Amino acid sequence: MKIALGSDHGGIHLKKEIISYLESKEIAFEDCGAYVEESVDYPDYAAPVGNKVVNKEVDLGILVCGTGIGMSIAANKIRGIRAAVVSDEFSAKMSREHNNANILCLGERVVGRDLALSIIDAWLKASFQGSRHERRIKKIAKLEELL
Ligand code: RB5
């Protein structure tokens, strides 16, 4: 499995913690920036991560900003992306099982390091349940065709 990572300045410290965590678990990743702490714009990092996911260069993406909200709004503009902003393990699990979320968004100013890593763990362990959820995902894809 390979994960694309992205953050703005508001999420860069948590992204560094996530990198250490993924390294410790020997999970492959690609860091799409930001690489410096100065103020940047979150859509510039949501875009490469989202594109790598839809182009199947990676399996999943994780985006971090101050709240996770801006990243999720931006990433969800990319056709085929289902980005879920999450602050608890249960929602993380459900976002995979029911919504087949392919990007997890976290807020560095919302969740602490340990909770964030626990959320990531729950998200990576869960898998899409298909069945009636597949039908709903297909309806979401239909909505994208209207754009
Ligand atoms: C940056 O100050 C902040 O707006 C950004 O990280 C994010 O929280 C936006 O949703």
Side-chain angles (χ1 to χ4, degrees), residues 1-25 27-128 133 136-147:
M1 176 179 15
K2 189 171 184 186
I3 296 175
L5 295 176
S7 77
D8 69 355
H9 55 291
I12 197 165
H13 299 106
L14 179 54
K15 189 186 67 174
K16 285 177 186 167
E17 298 285 0
I18 294 169
I19 286 172
S20 300
Y21 180 74
L22 295 177
E23 284 172 343
S24 76
K25 296 273 179 188
I27 297 172
F29 66 87
E30 191 173 335
D31 183 3
C32 300
Y35 306 111
V36 290
E37 293 187 23
E38 58 208 43
S39 184
V40 292
D41 300 332
Y42 54 80
D44 294 337
Y45 302 91
V49 169
N51 286 326
K52 282 180 190 296
V53 171
V54 294
N55 293 331
K56 301 194 188 304
E57 293 170 52
V58 295
D59 301 289
L60 295 167
I62 299 176
L63 289 167
V64 192
C65 62
T67 60
I69 296 169
M71 283 295 196
S72 66
I73 292 171
N76 278 316
K77 297 295 180 196
I78 299 172
R79 196 175 291 241
I81 289 301
R82 292 175 300 280
V85 56
V86 156
S87 306
D88 65 278
E89 294 98 329
F90 176 72
S91 301
K93 179 172 176 277
M94 296 305 284
S95 78
R96 291 286 292 137
E97 291 187 354
H98 285 198
N99 314 113
N100 202 11
N102 48 18
I103 292 188
L104 175 71
C105 299
L106 295 165
E108 179 179 313
R109 298 170 189 162
V110 181
V111 292
R113 170 195 175 275
D114 289 359
L115 177 55
L117 300 184
S118 181
I119 287 169
I120 290 170
D121 206 39
W123 193 65
L124 293 179
K125 278 186 186 143
S127 51
F128 184 49
H133 305 297
R136 294 161 188 165
I137 297 304
K138 282 184 178 153
K139 288 188 178 184
I140 294 173
K142 282 270 181 204
L143 293 176
E144 290 176 329
E145 288 171 17
L146 302 175
L147 294 174

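As the structure lists them, so they are numbered: ligands from 1, and atoms in each ligand from 1. The figures that follow rest on heavy atoms only: side chains count, while hydrogens, waters and symmetry mates do not. Remember, it's a predicted structure, so these values are computed and weren't measured experimentally.
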- When rounded to the nearest 0.5 angstrom, what is the spacing between CZ in Arg82 and OG in Ser72? 14.5 Å

- Rounded distance (nearest 0.5 Å) linking atom CG of Leu5 with atom CG of Leu60: 11.0 Å

- Item | Subset of ligand 1 atoms that lie under 4.0 Å from at least one heavy atom of Thr67 | 8 (O), 10 (O)

- Heavy-atom closest contact (Ser87 atom, Leu115 atom, distance): O-CD2, 3.6 Å

- Which residue owns the protein heavy atom closest to atom 3 (C) of ligand 1, what's the atom, and how far is it? Arg109 NH1, 3.8 Å

- Do Lys16 and Glu37 sit within salt-bridge range, that is, some charged N less than 4.0 Å from a carboxylate O? yes

- Note on the structure: re atom 10 (O) of ligand 1, the protein heavy-atom contact at minimum distance is Gly70 N, 2.9 Å

- Query: Is Ile69 close to ligand 1, meaning an N/O of one under 3.5 Å from an N/O of the other?
  - Reply: no

- Considering only the protein, which heavy-atom contact is closest to atom 1 (C) of ligand 1, and what is its distance? His9 NE2, 3.5 Å

- Query: Is atom 8 (O) of ligand 1 in close reach of the protein, with a heavy atom under 4.0 Å away?
  - Reply: yes

- Query: Is Gly66 in polar range of ligand 1, meaning some N or O pair under 3.5 Å apart?
  - Reply: yes

- Message: How long is the straight-line distance from NZ of Lys93 back to CG of Asp88, given to the nearest 0.5 Å?
- Response: 11.5 Å

- Message: For Glu108 versus Leu14, what's the shortest heavy-atom pair and its separation?
- Response: OE1-N, 2.9 Å

- atom 5 (C) of ligand 1 - nearest protein heavy atom and its distance: Asp8 OD2, 3.1 Å

- Query: Any N or O on Tyr42 sitting closer than 3.5 Å to an N or O of ligand 1?
  - Reply: no

- Query: Does Leu106 reach the side chain of Val110, with side-chain heavy atoms less than 4.5 Å apart?
  - Reply: no

